[in-house]
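Numbered from 1 within each chain, the chains take letters A, B, ... in sequence-line order.
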2 protein chains.
Amino acid sequence: MPAHATPSEVSATPRRDDIRAAAVRLFAERGYYGTGMRDIAEAVGMRASSLYNHVDSKQTLLREIMVATMATLLDEHERVLRTTDDCAEQLRRSMEAHVRYHARHPLEVQVGNREIASLDEPARGEIRELRRRYAQSWQALIERGIAEGRFETASAQLSTYAILEMGIGVSLWYREGGPLGESEVAYHYGDMALRLVQAAAPRPRRRAAPRSRGAAGA
Amino acid sequence: MPAHATPSEVSATPRRDDIRAAAVRLFAERGYYGTGMRDIAEAVGMRASSLYNHVDSKQTLLREIMVATMATLLDEHERVLRTTDDCAEQLRRSMEAHVRYHARHPLEVQVGNREIASLDEPARGEIRELRRRYAQSWQALIERGIAEGRFETASAQLSTYAILEMGIGVSLWYREGGPLGESEVAYHYGDMALRLVQAAAPRPRRRAAPRSRGAAGA
DNA sequence: CATACTGACGAATCATCATTAGCCTGTGCT
DNA sequence: AGCACAGGCTAATGATGATTCGTCAGTATG
């Protein structure tokens, strides 16, 4: 560790992690501006001024939370795409991963979705870019499915957004210990994503069958 | 008009409308806290102190914007439910109305979805209650469809949220003059909503047919 | 004309809040 | 022991922002 490292260059410490976690919780609950450094400090059992021994600034805290969220989602998505070549299965697994992340990290994603305007530039632009890349990655997948004749949708973009937004909502309502477990929710959302693009599912006995399955009620 | 009416009790005036519109735009773009009264004032061509001749406070502005949005959505939903008795058609039309509102009033709904934490109590609780009622109204519709054997879904609540959130996203990406017009978008979302609940569509020739259509790829 | 009201302005107020600076204590190292 | 450092505290700083207050000008009314 360099002698003059600033807090933001220091690896995680228990204190920093506590501060980060408290910030996530309070930002999600009260909003960025509705949360003062005094509130965060109190949550970790110290005074506001002492936070600056561990973090650069309130803005840095917010930025790091949001960048970490997007980075994880992007990584997860890339990782999932590599687990199979089948576009429908890729979509299903992508949806499941997306939903699982939202179920496990509801507060982070709520902050990430709601507090973009609270970020100063250039961080705001950076986050927007990361989000654009994430959506574009999904859209490319759906376009591949369309090109392969596996998905049927009027617009890859419309489907992309519908699917992503549908999954984002999980962070708002899912509760561990509720009627549906995380895996069930992920499963249903995977199913629903395929329905939204009217995916022809890969089935062993359907290797040479016509691909079109039609819409519900079609 | 009573001699001692406060601004919030006065009916709309051009000035008040201008202020409201400017607030919607700026709140959506910069966030509630990222928007100062000076910014709103400048947008309508006056000084911040003069705004108080027309509005009670910044909080009142925010509250009114958010209440009006929810009230309209609730009214629209109720109105649509009365246009038909068929649950699938009700769902389709509800979705179309929901999406149309989001397409036409993107900024209002963005503010409504993002700035809940910026509201002081008791307004915050009131808005949450309105949102809960809206979701509950949709869930009741889906439960009716399930009870009638017309919809098939593991959870009415899960489907409700998936559908609502999917539609909310329209406010983020839809642009008038884009590749898809508002009616097309509404149509596709109506379709997708039915697919999400695996609705047995009413078709003249399917009166006696088995209702199950199965999931995509089923 | 005189009066009352509306609404625009500038200046000021007051509260809040992120952050800095200086001090102190405990710990580890030589 | 002495020294350096980390990290906790109090007090203070400086900026920001919502709102109030007083003034003035324009307009309408009797």
Chemist: Heavy atoms only: give me the nearest B/M95-B/I163 pair and the separation to one decimal.
Modeler: SD-CG2, 3.2 Å

Chemist: Find the bend of the helix from C/dC1-D/dG30 to C/dT30-D/dA1 as the angle between its two terminal axes (five pairs each), to the nearest 10°.
Modeler: 0°

Chemist: Any Lys/Arg nitrogen of A/D86 or A/R150 sitting under 4.0 Å from an Asp/Glu carboxylate oxygen of the other?
Modeler: yes

Chemist: Kindly state which residues belonging to residues 35-45 of chain A come within less than 4.0 angstrom of DNA chain C, counting heavy atoms of the residue only, listed by number.
Modeler: A/T35, A/G36, A/M37, A/R38

Chemist: Please tabulate, one pair per line, each protein N/O and nucleotide N/O from nucleotides 23-27 of chain C that are separated by under 3.5 Å, including the distance.
Modeler:
none

Chemist: Of the candidate nucleotides D/dT19, C/dG10, D/dA11, which contains the atom at the shortest distance from the side chain of A/S49?
Modeler: D/dA11

Chemist: Could you tell me the separation between the CG atom of B/L51 and the C1' atom of D/dT20, rounded to a whole number of Å?
Modeler: 14 Å

Chemist: Minimum heavy-atom separation for B/I116 to B/R124, with atom names?
Modeler: O-CG, 3.4 Å

Chemist: Indicate every side-chain donor-acceptor pair of residues 166-177 of chain B with a distance under 3.5 Å to a residue at least two apart or in another chain.
Modeler:
| residue | atom | partner | partner atom | Å |
| --- | --- | --- | --- | --- |
| B/S171 | OG | B/I168 | O | 2.9 |
| B/W173 | NE1 | B/Y189 | OH | 3.4 |
| B/Y174 | OH | B/E182 | N | 3.2 |

Chemist: Please determine whether a side-chain nitrogen of the Lys or Arg among A/E129 and A/R132 lies less than 4.0 Å from a carboxylate oxygen of the Asp or Glu.
Modeler: yes

Chemist: Output the rounded distance in Å from CG (A/N53) to P (C/dT19).
Modeler: 14 Å

Chemist: Check the phosphate of D/dC9 against A/S50, side-chain N and O only, distance under 4.0 Å to OP1 or OP2. Yes or no?
Modeler: yes

Chemist: To the nearest Å, give me how far apart NZ (B/K58) and C1' (D/dA18) are.
Modeler: 8 Å

Chemist: Atom CD in B/E115, atom CD in B/Q110: separation rounded to 0.5 Å?
Modeler: 10.5 Å

Chemist: At less than 4.0 Å, is any side-chain N or O atom of B/H54 found next to OP1 or OP2 of C/dT6? Yes or no.
Modeler: no

Chemist: Which value, rounded to the nearest 0.5 Å, describes the distance between B/K58 atom NZ and B/Y52 atom OH?
Modeler: 8.5 Å

Chemist: Do any of residues 25-33 of chain A sit with a heavy atom less than 4.0 Å from DNA chain D, and if so which?
Modeler: none

Chemist: In whole Å, what is the span from the CZ atom of B/R47 to the P atom of D/dG17?
Modeler: 15 Å

Chemist: Determine, for B/R144 against B/E148, whether the closest basic-nitrogen to carboxylate-oxygen distance falls under 4.0 angstrom.
Modeler: no

Chemist: With a cut-off of 3.5 Å and sequence neighbours excluded, list every side-chain donor-acceptor pair involving residues 39-50 of chain A.
Modeler:
| residue | atom | partner | partner atom | Å |
| --- | --- | --- | --- | --- |
| A/D39 | OD2 | A/G36 | N | 2.7 |

Chemist: Using a strict 4.0 Å threshold on nitrogen-to-oxygen distance, state whether A/E76 and A/R79 make a salt bridge.
Modeler: yes

Chemist: Round to the nearest Å and state the distance from A/R15 atom CZ to D/dC9 atom C1'.
Modeler: 13 Å

Chemist: Whole Å only: how far is the OH atom of A/Y52 from the P atom of D/dT10?
Modeler: 16 Å

Chemist: Counting only heavy atoms not in B/Y134, do more than 12 fall under 6.0 Å of its OH?
Modeler: yes

Chemist: Rounded to the nearest 0.5 Å, what separation is found between the OG1 atom of A/T69 and the CG atom of A/L74?
Modeler: 11.0 Å

Chemist: Send over the distance from A/M46 CE to D/dG7 P, rounded to a whole Å.
Modeler: 9 Å

Chemist: Say whether A/T83 and A/R93, considering side chains only, have a donor N or O and an acceptor N or O under 3.5 Å apart.
Modeler: yes

Chemist: Working to the nearest 0.5 Å, report the span between CG of A/L73 and NE2 of A/H77.
Modeler: 10.0 Å

